[in-house]
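Have a look at the structure below before the remarks.
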Amino acid sequence: MAREHHRTERIVSPYLLVILSLIGMIFLGTFLLCTPLSNSEGVWTNFNDNFFMAVSATCVTGLSVMADGLVEAYNLFGQIVMLVMIQIGGLGFLTLLAFVITLFRGRMRMSNRLFFTKATQASSIGEMRHFVRSIVVITLIIEACGFLLCLPVFLTTFSENMTHGVWVSIFHSVSSFCNAGFDILGSTSLMRVEGTVVGGMATWAYNYLLVVTMILIVLGGISFLVIMDIVSIGRKGKHHQLNILTKVVLSTTAVLLVLGFLLFLLTDTAFGNMTWFEALFQSVTTRTAGFATYNQADLSMGGKIFSAIWMFIGGSPLSTAGGVKTTTIFVIFVSIFRSLQGKQNTAFKRRYSSNMVLRAFTLIVIALIVIVLCYVIIIECELNLSAISTVVYDEELGDYIEVSQSLVDLDSNFYQDVFFEVFSAFGTCGLSTGITPYLTTGSKYTIDVLMFIGRLGPVTFLQLFNRDLDKETKGHYSYVEADFLIG
């Protein structure tokens with residue numbers, strides 16, 4: 001009996017359970033989006049494109065292969081399917097894992113239970129259950145507030161159809177807080193393009209909407225644990241001390257937002273057409289949100305590089321955002337700074353273990369390797385297909401001509417655009433220079449994999465194959481420590 005229970009414990013993996021659940025949800029969402037119920041034409045639609053959209057929604061990325069936008073691709077039912085996937089994906093991988101553990105706690109390995117109680121700062125499975133409920137409540141409260149704040153703008157914009165204005169407000173609030181970047185306003189995101197819904201907004205409504213959107217994005221990206229800790233100040237009074245995670249997240253987030261704003265002012269305002277308000281929004285949205293007020297194809301080379309770095313960093317742990325997370329970057333920079341000083345890794349009156357530093361560097365290296373591999377695969381897919389041409393008849397020329405099967409313009413910006421795209425996919429950001437709908441099928445599936453790994457986190461993904469990845473193996477002996485020149 002004991003042997004059978006031990007075998008059951010080894011079989012059940014919380015990582016695998018949640019990953020399979022997410023994959024199952026993606027395929028269910030894909031099926032629903034393909035059905036005639038999801039589009040106004042009432043026909044079955046392309047599996048590959050809908051699969052891409054389901055992955056992007058579940059991973060709260062925002063990349064889209066629908067060139068005319070969600071509002072043209074899907075009817076109300078299809079938009080609801082997208083919103084449900086965004087909401088579930090926004091709750092986060094660890095949240096779903098914690099939920100699974102509360103259901104299967106009797107069959108989980110002790111190491112798995114200890115890992116998640118530590119990750120959620122809970123002292124027991126009971127507290128973890130409370131943690132899951134708190135996340136759901138916080139999410140609903142913030143999204144409800146966002147809905148009410150957005151409502152005046154969309155009721156004014158859609159004054160002839162108030163019901164649609166209410167629905168757009170709900171969708172925008174959820175998408176903003178979940179850092180998804182999807183909208184049902186058209187194909188140009190939040191850019192003021194003449195002839196679009198956003199372009200027709202009054203100036204006050206547009207600026208007000210952007211401010212509300214930025215607040216929702218930041219709240220979604222700073223971690224549920226941080227929000228809970230801040231809320232505790234009101235409950236416990238001024239004697240409550242913020243924990244170290246809250247201090248690290250808030251300070252790093254503030255530095256990144258201000259520094260990003262200044263960098264975009266330098267690269268694209270001083271030497272481009274970006275306004276200071278667009279520079280501020282760019283600094284916020286590159287933290288894995290995906291809404292755009294400025295055409296990303298018009299960014300300078302410096303603007304694209306800084307955007308890629310900010311998308312790579314992303315938000316904070318246990319938030320709706322992706323990326324390698326602010327805490328990882330904080331630990332690495334503290335380690336580098338203290339190493340140059342010849343001191344221990346300390347900040348905020350705390351010392352950070354060498355094991356934590358090693359995990360941070362490991363995460364960065366693995367993430368970059370994954371991004372580079374996917375970049376090479378996409379380049380090869382596009383270049384190989386561009387070499388294959390089809391003979392078609394051109395009516396204007398009155399003759400047959402050869403046309404490349406690749407829909408992507410392989411000009412000098414091609415490599416930059418793919419570079420931008422892979423960082424956006426891994427960081428689950430959703431910003432794009434516009435090449436997403438025109439990528440080959442192989443490239444789109446590569447982006448799918450990149451979004452999925454980016455949402456789970458590369459180290460978490462590797463936990464499937466090595467459960468002891470976070471452990472430091474201790475044997476009965478140890479080797480003599482080596483010390484030699486580096487660099």
Side-chain angles (χ1 to χ4, degrees), residues 53 56-57 59-64 66-67 69-71 79 82-83 86-87 89-90 142-143 146-147 149-150 153-154 157 168-193 196-199 201 205-222 256-257 260-261 264 268 274-299 303-304 306-308 310-311 314-315 319-323 420-421 423-425 427-434 436 451:
M53 298 302 292
S56 187
C59 298
V60 289
T61 304
L63 287 174
S64 174
M66 305 302 179
L70 291 187
V71 70
Q79 292 168 20
M82 287 289 293
L83 192 64
I86 290 170
Q87 185 69 88
I142 294 177
E143 288 175 351
F147 158 70
L149 290 172
C150 291
V153 173
F154 294 119
T157 304
V168 173
S169 185
I170 294 172
F171 194 100
H172 190 78
S173 177
V174 174
S175 182
S176 298
F177 178 72
C178 290
N179 280 218
F182 284 110
D183 66 83
I184 48 176
L185 298 171
S187 60
T188 55
S189 191
L190 298 181
M191 292 181 282
R192 298 203 77 176
V193 178
T196 63
V197 172
V198 177
M201 286 183 180
Y206 179 69
N207 292 336
Y208 170 79
L209 178 64
L210 294 189
V211 171
V212 173
T213 303
M214 286 190 285
I215 292 172
L216 289 172
I217 291 170
V218 172
L219 288 175
I222 63 172
L256 288 172
L257 291 177
F261 172 57
F264 290 122
D268 290 270
M274 182 181 283
T275 66
W276 70 268
F277 199 36
E278 289 171 338
L280 176 61
F281 193 90
Q282 184 75 11
S283 180
V284 174
T285 197
T286 47
R287 307 294 309 291
T288 82
F291 293 106
T293 57
Y294 189 80
N295 191 338
Q296 304 300 295
D298 294 335
L299 286 172
K304 289 180 179 177
F306 288 130
S307 293
W310 258 236
M311 291 188 290
S319 71
T320 63
F420 193 89
E421 195 85 1
F423 273 93
S424 179
T428 68
C429 181
L431 291 174
S432 176
T433 56
T436 316
M451 288 190 291

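Quick caveat: nothing in here was measured; it's all calculated off a predicted structure.
- For the pair Trp310 (side chain) and Leu256 (backbone), a donor-acceptor distance under 3.5 Å is present.
- Taking the six-membered ring for Trp and thresholds of 30 and 60 degrees, Phe264 and Phe306 have ring planes more than 60 degrees apart, a perpendicular arrangement.
- Among Phe147, Phe291, Phe182, the single residue meeting the ring pair (Phe, Tyr, Trp, His ring centres under 6.0 Å) criterion with His172 is Phe291.
- Here the shortest heavy-atom pairing between Gly430 and Leu63 reads O-CD2, 3.5 Å.
- A donor-acceptor pair under 3.5 Å is absent between the side-chain atoms of Tyr294 and the main chain of Thr275, judged by distance alone.
- Closest heavy-atom contact between Gly199 and Arg192: O-NH2, 3.7 Å.
- Contact of the Thr213 side chain with the Phe281 side chain is registered, since non-hydrogen atoms from C-beta on lie closer than 4.5 Å.
- In the model, Ser432 has no side-chain atom that pairs as donor or acceptor with a side-chain atom of Gln296 under 3.5 Å.
- Of all the heavy atoms in Ser319 and Gly220, the pair that sits closest is CB-O, 3.2 Å.
- In this structure, Phe154 CZ and Met201 CE are separated by 5.0 Å, a value rounded to the nearest 0.5 Å.
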Could you walk me through whether Thr61 and Cys429 pass side chain to side chain contact (heavy atoms under 4.5 Å, CB included), step by step?
-> CA-CA 5 Å; Thr61 304; Cys429 181; 5.9 Å; no
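- Although no hydrogens or angles enter the test, the distance criterion places no donor-acceptor pair under 3.5 Å between the side chain of Asp268 and the main chain of Met274.
- The closest side-chain donor-acceptor pair between Glu421 and Thr436 falls under 3.5 angstrom.
- Counting all heavy atoms, side chain and backbone alike, Leu190 lies closest to Tyr206 at O-OH, 2.7 Å.
- Looking only at side-chain heavy atoms (C-beta outward), Glu143 and Gln87 come within less than 4.5 Å of each other.
- Within the model, atoms OG1 of Thr188 and CG of Asn295 stand 9.5 Å from one another, a figure rounded to the nearest 0.5 Å.
- Under the 4.5 Å side-chain criterion, counting only non-hydrogen atoms from C-beta, Cys150 is in contact with Leu209.
- A donor-acceptor distance shorter than 3.5 angstrom exists from the side chain of Ser189 to the backbone of Ala292, with no hydrogens or angles considered.
- The closest donor-acceptor contact from the side chain of Ser424 to the backbone of Leu431 lies under 3.5 Å.
- Of the possible polar contacts, one joining the Ser307 side chain to the Gly303 backbone as a donor-acceptor pair under 3.5 Å is found.
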Chi angles and distances behind the side chain to side chain contact (heavy atoms under 4.5 Å, CB included) call for Met53, Leu70 = CA-CA 10 Å; Met53 298 302 292; Leu70 291 187; 3.3 Å; yes
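- For the pair Leu185 and Val71, the minimum side-chain heavy-atom distance is 4.5 Å or more.
- Closest approach of Thr428 and Ala321 over heavy atoms only: OG1-C, 4.4 Å.
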Are Ile170 and Leu83 close enough, and set up right, to give a side chain to side chain contact (heavy atoms under 4.5 Å, CB included), and what steps lead you there?
-> CA-CA 9 Å; Ile170 294 172; Leu83 192 64; 4.2 Å; yes
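- Between Val198 and Met191 there is no side-chain heavy-atom pair separated by less than 4.5 Å.
- Here the side chain of Thr320 pairs a donor or acceptor atom with the backbone of Phe177 at under 3.5 angstrom.
- Taking CE of Met214 as the start and CG of Leu219 as the end, the distance is 12.5 Å to the nearest 0.5 Å.
- One N or O on the side chain of Thr157 and one on the backbone of Val153 form a donor-acceptor pair closer than 3.5 Å.
- Once rounded to the nearest 0.5 Å, the distance linking CG of Asn179 with CD1 of Ile217 reads 6.0 Å.
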Checking side chain to side chain contact (heavy atoms under 4.5 Å, CB included) for the pair Arg287/Val218: CA distance, chi angles, key distance, verdict?
-> CA-CA 8 Å; Arg287 307 294 309 291; Val218 172; over 6 Å; no
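- Between the side chain of Ser175 and the backbone N or O of Asp183 there is no donor-acceptor pair closer than 3.5 Å.
- Side chain of Ser283 to backbone of Leu257: a donor-acceptor contact under 3.5 angstrom is found.
- Closest approach of Val60 and Gly90 over heavy atoms only: CG1-N, 3.6 Å.
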